[in-house]
2 protein chains.
Amino acid sequence: MTSTDHPAFETGGTSLTVGQVARAAGVTANAVRFYERYGVITGHRSSGNARRFTVDAICRIKLALAAQRVGITLKESAEILAGIPPLSRDLDRWVGAGDELVRIGRARIAQLQATVSELATLDFLQPDPARDRPPG
Amino acid sequence: MTSTDHPAFETGGTSLTVGQVARAAGVTANAVRFYERYGVITGHRSSGNARRFTVDAICRIKLALAAQRVGITLKESAEILAGIPPLSRDLDRWVGAGDELVRIGRARIAQLQATVSELATLDFLQPDPARDRPPG
DNA sequence: ATTTGAGTTCGCCCATAGGCGAGCTTCTAG
DNA sequence: CTAGAAGCTCGCCTATGGGCGAACTCAAAT
C-alpha cells in the first residue's frame with residue numbers, strides 16, 4: 001500500500017473521487033454530482049468513467065455553500081465561479097469573489113434589518129392607500 | 001349604487017372576496033387561496049361557494065409576508081397565526097408575535113454576519129481536519 | 001473467481017411558494 | 001336575457017436543492 005493507492009488517503013495526487021470531494025466539502029456524493037451538473041465544479045473522467053476532481057473543486061463547493069448562506073443560488077455561484085481560475089493560480093480573484101459576496105451579504109443584512117424594524121412596529125399592518133383605493 | 005354594493009368599495013362590511021383581500025395585501029388571488037389552504041388565513045363561504053374573509057385576513061397575510069422575509073415559511077407562519085385571535089380582539093398578542101419574529105430576524109442577522117465574516121477572510125476554504133482525516 | 005466498496009446513470013420523490021389554464025358556476029349590470 | 005367580471009376546483013408546471021433507490025460497472029483484495 002503506497003501513499004496514494006488507498007482511496008481514503010489519495011489526496012496527495014491531483015485526482016479526487018466524488019466521495020473524497022464530498023467528505024472534504026462536508027456534503028454528500030449526490031450533492032457533488034449535482035454541483036457538477038450545475039457547473040459549480042468541473043472535472044474529468046477516469047478510464048472507467050468515474051469523476052475525477054482536483055482539490056480546487058472542494059474550495060469551489062465551500063465557496064458556493066458560504067454563498068448559499070447569504071442567499072446566492074447554486075446557479076449564481078456557478079456563474080461567479082466560472083469566471084475565476086483555480087484557487088492556487090489566482091488567490092486575488094478568489095478574494096475578489098469573496099468581497100463581492102460580502103457586499104451581497106451586507107445588503108441582505110440591511111434588508112433584514114429593515115424588515116425587523118417593520119416587525120417591531122407592526123407598521124406593515126397599516127393599509128397601503130395605494131392598494132386599497134381602486135385604480136383611478 | 002350604495003356604499004357596499006360595488007365590489008371595489010365593499011370594504012366597510014366584514015365580508016371580503018379573494019380579490020379584495022389579494023389587492024389589499026398586495027398578492028394575487030391565487031396566493032390568497034394558497035394561504036387559505038395552508039391555514040395562514042381562514043374564511044367562510046358565501047351561498048354561492050365563494051370565499052369570504054374579514055379584514056383580519058389581510059393583516060395575517062401581511063404578517064406572513066414580513067415573516068417570510070426573515071426566513072419563516074408559510075407553514076410556520078400558519079402555526080404562529082393559528083394561536084392568535086383577530087388583530088382587533090387582541091393587539092397585544094400580535095405585538096407578541098411581532099416580537100417573536102423580531103428575535104428570529106435578529107438571529108438570522110447574526111448568522112449572516114458570521115457568514116459575511118467568513119467570506120471576508122475566506123477562512124472556510126481551509127481544510128476541516130475533522131473531515132479530511134479518515135475516521136479512526 | 002468472487003466479493004466488496006465505490007463509482008455510474010436514470011428517474012422519481014420531497015418541500016417551498018406559488019403561476020397558469022381549463023372548464024364550470026355565479027353574480028351583477030345593462 | 002345576456003354578457004362580462006369574478007369566483008370555483010383541479011391539476012399540471014416552474015425553480016431551487018437536493019435524497020433515494022434501481023440497476024449496472026469497475027477495480028482492488030482475498
Side-chain angles (χ1 to χ4, degrees), chain A residues 1-2 4-11 15-41 43-53 57 60-61 64-79 134-135, chain B residues 1-11 13 15-41 43-53 57 60-61 64-79 134-135:
Chain A
M1 184 187 282
T2 74
T4 60
D5 64 354
H6 187 301
F9 290 93
E10 189 186 356
T11 51
S15 230
L16 303 175
T17 66
V18 259
Q20 288 168 344
V21 170
R23 275 186 293 280
V27 298
T28 67
N30 253 329
V32 173
R33 297 188 192 102
F34 188 80
Y35 297 153
E36 196 198 29
R37 276 204 297 285
Y38 273 66
V40 170
I41 58 178
H44 60 283
R45 296 303 179 105
S46 73
S47 56
N49 198 35
R51 288 173 182 81
R52 297 299 180 206
F53 302 98
R60 286 172 194 265
I61 291 175
L65 292 176
Q68 259 190 336
R69 296 204 289 274
V70 294
I72 277 77
T73 65
L74 284 185
K75 195 184 163 202
E76 289 166 334
S77 287
E79 287 164 11
Chain B
M1 184 188 283
T2 73
S3 66
T4 59
D5 62 356
H6 188 301
F9 291 93
E10 189 185 358
T11 50
S15 231
L16 302 175
T17 66
V18 259
Q20 288 167 347
V21 170
R23 277 186 292 279
V27 297
T28 67
N30 256 328
V32 173
R33 296 187 194 103
F34 188 81
Y35 297 153
E36 195 198 30
R37 276 203 298 285
Y38 273 66
V40 170
I41 57 177
H44 60 282
R45 296 303 181 104
S46 73
S47 56
N49 199 35
R51 287 173 181 80
R52 297 299 181 204
F53 302 99
R60 286 171 192 265
I61 291 175
L65 292 176
Q68 261 189 335
R69 296 203 290 274
V70 294
I72 277 78
T73 65
L74 283 185
K75 195 184 165 204
E76 290 166 335
S77 287
E79 287 164 11

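Order of the sequence lines sets the chain letters (A, B, ...), proteins ahead of strands, with each chain counted from 1.
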Q) Please walk me through it: do A:Arg45 and A:Arg51 pass side chain to side chain contact (heavy atoms under 4.5 Å, CB included)? A) CA-CA 5 Å; A:Arg45 296 303 179 105; A:Arg51 288 173 182 81; 3.5 Å; yes

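The side chain of B:Ala31 lies closest to C:dG18 when the candidates are C:dG18, D:dC8, D:dG19. Of the candidates C:dT8, D:dC8, D:dT16, C:dT8 carries the atom nearest the A:Arg33 side chain, counting heavy atoms from C-beta on. Residue B:Leu74 has its side chain nearest to C:dG18 when only C:dT8, C:dG18, D:dG7 are considered.
Among all heavy-atom pairs drawn from B:His44 and B:Ser15, the shortest one is NE2-OG, 4.0 Å. Across every non-hydrogen atom of A:Ile41 and A:Ala57, the tightest pair is CG2-O, 3.5 Å. The two residues B:Ile72 and B:Ser77 make their nearest non-hydrogen contact at CG2-OG, 3.2 Å. Between A:Ala64 and A:Leu74, the closest heavy-atom pair is CB-CD2, 4.3 Å.
Here A:Arg52 contributes atom CZ and A:Ser47 contributes atom OG; the two are 8.0 Å apart, rounded to the nearest 0.5 Å. Note that CG of A:Leu16 and CZ of A:Arg23 are 10.5 Å apart. Values are rounded to the nearest 0.5 Å.
Between A:Ala50 and B:Phe34, it is A:Ala50 whose nearest contact on DNA chain C lies nearer the 5' terminus. Between A:Tyr38 and A:Ser47, it is A:Tyr38 whose nearest contact on DNA chain D lies nearer the 5' terminus. Across the interface with DNA chain C, nearest-nucleotide mapping of A:Arg45 and B:Tyr35 shows A:Arg45 to be the residue nearer the 5′ end.
Between A:Thr73 and A:Tyr38 there is no side-chain heavy-atom pair separated by less than 4.5 Å.
Protein atom CD1 of B:Ile61 is 10 Å distant from nucleotide atom P of C:dG18, rounded to whole Å. Between A:Gln20 atom CD and C:dG5 atom P there is a gap of 17 Å when expressed in whole angstrom units. The CZ atom of A:Arg52 sits 10 Å away from the C1' atom of D:dC26 (whole-angstrom rounding). The CD-P distance, from B:Glu79 to C:dA15, rounds to 14 Å in whole Å. Spacing between atom CZ of A:Arg69 and atom P of D:dG17 amounts to 14 Å, rounded to whole angstrom units. For B:Asn30 and D:dG11, the CG to P distance is 16 Å, given to the nearest whole Å. In this structure, the CZ atom of A:Phe53 is 17 Å from the P atom of C:dA6, given to the nearest Å. Residue B:Ile72 contributes atom CD1, which lies 13 Å from atom P of C:dT16 at whole-angstrom precision.
A:Gln68 has a side-chain polar atom (N or O) that falls below the 4.0 Å cut-off from OP1 or OP2 of D:dG18. Proximity of A:Thr17 to the phosphate of C:dA6: no side-chain N or O atom is located under 4.0 Å from OP1 or OP2.
Residue B:Arg51 is in sugar-phosphate contact alone, with no base atom involved, counting any heavy-atom pair closer than 4.0 Å across all strands shown. Residue contacts for B:Asn49: at a heavy-atom cut-off of 4.0 Å it reaches the sugar-phosphate backbone alone, with no base atom in range. Using a 4.0 Å heavy-atom distance criterion, A:Thr28 is classed as a sugar-phosphate-only contact. Within the nucleic acid shown, B:Arg37 has no heavy atom closer than 4.0 Å to any nucleic acid atom.
Axis orientation changes by 20° from one end of the helix from C:dA1-D:dT30 to C:dG30-D:dC1 to the other, with each end axis drawn from 5 pairs and the value rounded to 10°.
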